[in-house]
Amino acid sequence: MPDSRILTRSLGLIGRNGIALLRHTSSVWWLLMETLRWVLHRARRRRLLGDGAILRQMEEIGLRSLPIIALIALLIGVILAMQTFFQMKRLGAESLIGGMVAVALTRELAPLLTALVVAGRVGAAFTAEIGSMKVTEEVLALETIGINPVGFLVAPRFLAMTIMLPALTVFAVVLGIMGGWALGAGNFGMSTGGYFDSARDSLVLKDFVSAGVKSVVFGWIIALMACYRGLIVEGGPEEVGRGTMEAVVSSMVLIVVADFFITGLFYYSFYLFKVPIL
Amino acid sequence: MSNATAESAGREPVIRIENLEKRFGDRPVYDAVSFDVMEREITAVIGLSGEGKSTLLRILSGTMKPDAGRVLVRGKDITGLSPDGLRDWQKRFGMLFQGSALFHSMTVGENVALPILEHTELDRNVVDLMVKLKLEMVGLWGFENFRPSQLSGGMQKRVALARAIALDPELIFCDEPTAGLDPIVASVIVKLIMDLREKLRITAVVVTHDVEYAFRMADRVIMLYRGRVVVSGSPEELRNHPDPVLQQFLSGSPEGPIPMRRSGEEFLADLLKQ
């Protein structure tokens with residue numbers, strides 16, 4: 001008898017969580033469609049960037065994230081150079097370090113780490129801000145005035161994120177390569193010209209396309225998950241905290257999952273089947 | 001205070017609520033609630049906390065749909081409006097939220113300007129002037145560049161009131177306008193709402209559990225209990241009304257038909273059962 005009770009209880013748990021997952025997925029999908037509709041609406045009215053809201057968000061996402069991204073990218077570049085130097089030296093291929101660092105950063109590390117940092121820093125702020133607006137009835141006040149909360153709160157953040165995350169990623173790639181160079185030239189006695197030549201020769205257009213696609217998709221994940229979690233907050237301040245935590249965790253998980261799929265897509269289509277681009 | 005029923009006899013109501021029904025899950029909030037809101041009157045809806053008074057304002061403002069019944073505004077039902085119809089309706093009323101619900105990322109002036117900018121194509125200078133005038137009406141001339149967080153609760157409430165009347169609406173809905181304010185500030189808010197009726201000919205629906213202020217400002221009081229209208233009438237009529245639920249609510253007594261706590265007999269019965 002107890003066995004069957006455990007079974008029904010577990011099935012119920014799986015079912016409930018499954019339904020919740022489906023509900024969240026369809027709601028986030030709806031939010032994406034609604035946000036895109038509002039972005040188009042702004043574009044048609046020639047107000048894509050025309051008001052302070054987006055610029056404020058771009059400043060918040062981009063400018064204010066620069067120091068922490070700079071620090072992390074620089075150190076990752078240094079670490080990559082250190083890790084590869086000894087391996088490469090055994091093969092007598094130290095001159096390829098520039099290429100190693102550049103490719104690893106561009107294809108993978110810069111988009112991923114930038115997105116994870118921004119998810120923690122900016123995504124959390126989005127959820128906390130929108131969540132507390134929900135709790136203090138500000139979102140309801142917007143609706144009552146006749147202002148669509150998705151158009152007013154989500155669309156500017158979404159647009160700003162779409163622009164700023166790729167920009168931050170480029171910044172991270174550049175600083176990472178500089179970090180690798182600083183260590184290579186300063187400590188391992190590599191020539192500056194050799195390092196940058198190797199970096200330039202190893203990078204191909206596909207790497208940049210892959211980095212661009214990744215950072216845009218990651219940006220969308222951060223903006224949507226953070227705004228969605230903020231908009232569904234009900235109750236009091238503790239719910240804002242819980243929503244913020246869930247937004248950061250779920251966007252980090254989704255970023256890595258999306259990274260897996262995008263990398264797979266690029267690997268199979270561009271590197272195996274040689275799909276020509278350009 | 002005028003005798004509302006006598007004065008309003010033969011007049012058409014601005015809002016007519018007909019057989020409103022609303023349930024949250026299994027819990028019925030409204031069960032066939034009907035009442036009228038007359039032009040240029042302040043109608044106070046009183047009732048216990050959790051009696052769905054705020055839900056009423058959400059239905060009136062079109063942000064929530066009732067399960068059944070109609071809300072007729074000058075004869076037109078507003079419960080099933082199209083998005084365009086809803087926008088037109090939203091221009092015609094202002095809403096004062098319980099916690100003021102000012103946008104904290106904006107200045108006081110931007111808060112008041114937001115509905116004007118959203119619903120009109122007016123020149124920025126005109127909008128700024130309108131904002132100044134609205135703030136003057138609530139006694140906050142010159143406060144445009146303050147942040148809501150720099151103001152006291154009572155001042156925030158006044159800014160919220162200025163925002164609610166930004167578009168010169170014909171109606172204003174107030175959710176617990178005196179909650180959490182000290183008696184003097186609360187009186188100021190009540191006085192401002194009464195002024196709006198006199199000066200701007202605004203019709204107001206005020207939802208509150210504060211009997212004293214409700215009776216002070218209202219022309220007509222509606223008492224909700226267990227999803228139904230128990231009594232309605234002018235404050236004078238209600239004071240002398242024999243209904244026991246109303247009288248318990250007015251006196252604030254824990255003993256009476258409204259179960260506030262379990263009686264001694266119930267407690268004893270429970271103890272003996274164990």
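All values below come from the heavy atoms of this structure, side chains included, with hydrogens, waters and symmetry mates left out.
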Tell me, side chain or backbone of [X] under 4.5 Å from chain A's heavy atoms, or both, or neither?
X: F173(B); result: neither
X: M64(B); result: neither
X: L102(B); result: backbone

One thing to verify: whether E238(A) and R242(A) come together as a salt bridge, which I'm taking to mean a side-chain N less than 4.0 angstrom from a carboxylate O. no
What residues form a side chain to side chain contact (heavy atoms under 4.5 Å, CB included) with V173(A), not counting sequence neighbours?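 Counting only residues at least two positions away or on another chain, V173(A) forms a side chain to side chain contact (heavy atoms under 4.5 Å, CB included) with T106(A), A110(A), I177(A).
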In terms of the angle between their ring planes, are F103(B) and F152(A) parallel, tilted or perpendicular, with boundaries placed at 30° and 60°? tilted
Got a list of the donor-acceptor pairs under 3.5 angstrom between chain A and chain B?
from	atom 1	to	atom 2	distance (Å)
E138(A)	OE1	H104(B)	N	3.4
E138(A)	OE2	H104(B)	ND1	3.3
E143(A)	O	Q90(B)	NE2	2.8
I145(A)	O	H119(B)	NE2	2.4
G146(A)	O	R87(B)	NH1	3.0

Is a side-chain N or O of S251(A) found less than 3.5 angstrom from the main chain of V248(A), in a donor-acceptor match?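 Yes, the answer is positive, given that a donor and an acceptor are paired below the 3.5 Å cut-off.
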Determine whether a donor-acceptor pair (N or O, by modelled atom type, separation under 3.5 Å) exists between the side chain of D259(A) and the backbone of I255(A). no
Does I68(A), at its CD1 atom, have more than 12 non-hydrogen atoms belonging to other residues, nucleotides or ligands within less than 6.0 Å?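 It does not: I68(A) CD1 has 12 such atoms or fewer within range.
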Atom CZ of F24(B) with >12 non-hydrogen neighbours under 6.0 angstrom: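 Counting other residues, nucleotides and ligands, CZ of F24(B) exceeds 12 neighbours.
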Residue among L142(A), V139(A), L140(A) with most heavy-atom pairs under 4.5 Å to chain B: L140(A)
Polar side chain donor-acceptor pair, S65(A) to R121(A), under 3.5 angstrom: yes
